[in-house]
Amino acid sequence: MVSKVISAAYLTLWISSSVFTSAQDPYMTRALELMSKTPLIDGHNDLPWQLRLQFNNELNKVDLNTLETTHTNIPKIKAGRLGAQFWSAYVPCESQYKDAVRQTLEQIDVVHRMCEKYPETFMFATSSQDIMEAFNTNRTASLIGVEGGHSLDSSLATLRTMYHLGVRYLTLTHSCNTPWADNWLVDTGSEPSQHNGLSTFGKQLILEMNRLGMLIDLAHVTEAVMNQVLDMSQAPVIFSHSSAYSVCPHKRNVPDDVLLKVNQTGGIVMVNFYNDYVTCSKTAKISNVADHFDHIKKVAGAGIIGFGGDYDGVTRLPEGLEDVSKVPKVVAELLRRGWTDEEVNAALGNNLLRVLSQAEKVRDALKETRPDDVPIPYDELWLPQRWRPPLPRRSGPPAHTRPPSSDPIKCFMSCSALQLVVANHLHGAANKV
């Protein structure tokens, strides 16, 4: 009860301040009016990761009405007029080949529990229709994006399972290659390319995401992957938290030729607020963020722009954009620069709603297509720098995983855990016609 009173007091103070500010600034007045009619949809927020780091996902130990160690809490969400949020289910690259799937499921779970604990603030959402329902009932639509293909453990079945749990986008890589896609660090020269973009299995995965209606997020991939996906995906793609390369030449940002392709295919680039991607330096201002919006609009039109603040996932934010409550200042700055109401509404949420709706239409058109059940080739699961050079296609499992017996019972006492898994697989295969 006390926390709700504190939250209400915080919001009242902010609104009072906003009224005063708005009286002095007609652009802020207009920004808040537009945001009351069109939902602000943000593409990427790492609050779930902070809940894991700070509280081990023990939500009973934290109150989001009073939490002050994050960029995001309930008063800040309400003050920032956040209409919908893609919460990031992120786990580190170090979990790849280990327990990435389990850790990711725990992050998906914490988003569900957050919505259950604060139903007056959050509504779990999986569709464009859900987003508008939440907005019309004064709640923040809460969607899930999995940040990094390593979270799948190269399994289409895991992809499908996560979709059924409510995941609506997958960032194909984080800052590590997967057995089927290259990450952005390859373009810096600090890591070698392993697939020249996407492997054959990577292309299978793109088509399966189209069939499911899951958005493809290109925020952390190489330019080669960007172009391959844009050429083959039947649904529009997203960059959930990337900015314009021409404004800040960082390889996490999007080059102009790709911006044009995003326009041609109906996708969206959701601008990141991280200083290092805004100015390529440690400091930035609101005007610098607006420069990215302006550049993307100039190159490819206002129809591909969105917001992807990356709050709670970064350590440096522009002056004046220190937390999610400050986002209306960006909207006011765009209006100050001559953006029309229609262009602002597009960037706020209408572009993302269109992209998600189109992905849903592609899904519906493919409803008679059967799920892809062809697994990644066994030898492609073992990356050369981690394990050993890839084996010939039909040579069987690597020697260090090969059990001394294909009988799981005989193997039980002497095999490693990995050898026991292989023994079970071989035993099952031998007994199925």
Are side-chain heavy atoms of N288 and P318 found at a separation under 4.5 Å?
-> no
Shortest non-hydrogen pair, P119 vs R139, comes out as O-CD, 3.2 Å
- Taking D109 for its side chain and L105 for its backbone only, find out whether a donor-acceptor pair lies under 3.5 Å. no
Heavy-atom closest pair (W184 atom, S175 atom, distance to 0.1 Å) is NE1-OG, 3.0 Å
We want to know whether T70 and T72 form a side-chain donor-acceptor pair, criterion being a heavy-atom distance below 3.5 angstrom. no
For H174 and C93 the tightest heavy-atom approach is CB-SG, 4.1 Å
Next item on the list: Can you label the angle between the H220 ring and the H241 ring as parallel, tilted or perpendicular, going by 30° and 60°?
Entry: tilted
Shortest non-hydrogen pair, R337 vs D291, comes out as NH1-OD1, 2.8 Å
Closest non-hydrogen contact found for L64 with N73 is O-CB, 3.2 Å
**Prompt:** Would you find a donor on one side and an acceptor on the other, under 3.5 Å apart, between the side chain of Q50 and the backbone of D312?
**Reply:** yes
Check: Where do M232 and I216 land on the side chain to side chain contact (heavy atoms under 4.5 Å, CB included) test, with the steps shown first?
Finding: CA-CA 12 Å; M232 70 177 296; I216 300 161; over 6 Å; no
Value for CG (D373) from CG (L156), rounded to nearest 0.5 Å, stands at 9.0 Å
**Asked** Under 4.5 Å between any side-chain heavy atoms of L335 and D341, yes or no?
**Response** yes
Where do T158 and M162 land on the side chain to side chain contact (heavy atoms under 4.5 Å, CB included) test, with the steps shown first?
CA-CA 6 Å; T158 301; M162 289 183 177; 3.7 Å; yes
Just checking, any donor-acceptor pair under 3.5 angstrom between side chains of T69 and Q54?
-> yes
Side-chain H-bond candidate by donor/acceptor type, T173 with D182, under 3.5 Å: no
Going by distance alone, is a donor N or O of one side chain under 3.5 Å from an acceptor N or O of the other, for S155 and D153?
no
Anything under 30° is parallel, anything over 60° is perpendicular, the rest tilted; go ahead and classify F307 against F273.
-> perpendicular
Determine, for R211 against E208, whether the closest basic-nitrogen to carboxylate-oxygen distance falls under 4.0 angstrom.
yes
| message | Using modelled atom types and a 3.5 Å cut-off, is there a donor and acceptor pairing between side-chain atoms of H112 and backbone atoms of L165? | response | yes
Under 3.5 Å, side chain of Q234 to main-chain N/O of V362, donor-acceptor pair present?
no
- Evaluate the ring planes of Y90 and W49, with Trp represented by its six-membered ring, and classify them as parallel (under 30°), tilted (30 to 60°) or perpendicular (over 60°). perpendicular
In this structure, OG1 of T126 is separated from NE2 of H164 (nearest 0.5 Å) by 12.0 Å
Open item on the list: Quick check against the 3.5 Å criterion: does T188 have a side-chain atom that pairs as donor or acceptor with the backbone of L185?
Closed with: yes
Please indicate whether E322 has more than 12 foreign heavy atoms, meaning atoms of other residues, nucleotides or ligands, lying under 6.0 Å from its CD. yes
message = For F122 and W87, take the angle between the two ring planes, folded into 0 to 90°, and tell me which bin it lands in: parallel under 30, tilted 30 to 60, perpendicular over 60.
response = perpendicular
May I have the step-by-step check of side chain to side chain contact (heavy atoms under 4.5 Å, CB included) for V229 and L172, ending in yes or no? CA-CA 10 Å; V229 174; L172 297 185; 4.0 Å; yes
Taken to the nearest 0.5 Å, the spacing of M35 CE from N345 CG works out to 10.5 Å
Practice item. Give the intermediate values and the outcome of side chain to side chain contact (heavy atoms under 4.5 Å, CB included) for residues I206 and S233. Key: CA-CA 7 Å; I206 297 304; S233 177; 4.3 Å; yes
Interatomic distance, CG@L170 vs CG@D217, rounded to 0.5 Å, equals 8.0 Å
Given the options V146, I144, V91, Q107 meets side chain to side chain contact (heavy atoms under 4.5 Å, CB included) only with V91
Indicate yes or no for a side-chain donor-acceptor contact from T222 to the backbone of V225 under 3.5 Å, with no hydrogens or angles considered.
-> yes
What one should report as the nearest heavy-atom pair of W180 and L152 is CZ2-CD1, 4.3 Å
d(D231 CG, Q264 CD) to nearest 0.5 Å is 10.0 Å
Side-chain donor or acceptor of T140 paired with backbone N/O of L82 under 3.5 Å:
yes
**Asked** Thinking salt bridges, do K298 and D256 make one under a 4.0 Å N-O criterion?
**Response** no
Do D372 side-chain atoms and L205 backbone N/O form a donor-acceptor pair below 3.5 Å? no
A cation-pi test, strictly: NZ or CZ of R168 under 6.0 Å from the centre of the six-membered ring of Y163 and no more than 45 degrees from its axis. Yes or no? yes
Would you confirm whether R363, through its side chain, and M214, through its main-chain N or O, come within 3.5 Å as a donor-acceptor pair?
no
Q.
Quick one: does any side-chain atom of N57 pair with a main-chain N or O of R52 as donor and acceptor, under 3.5 Å?
A. yes
* Does K329 come within less than 4.0 Å of E333, counting only side-chain N to carboxylate O? -> no
Output for pair (S88 OG, D46 CG), nearest 0.5 Å, gives 4.5 Å
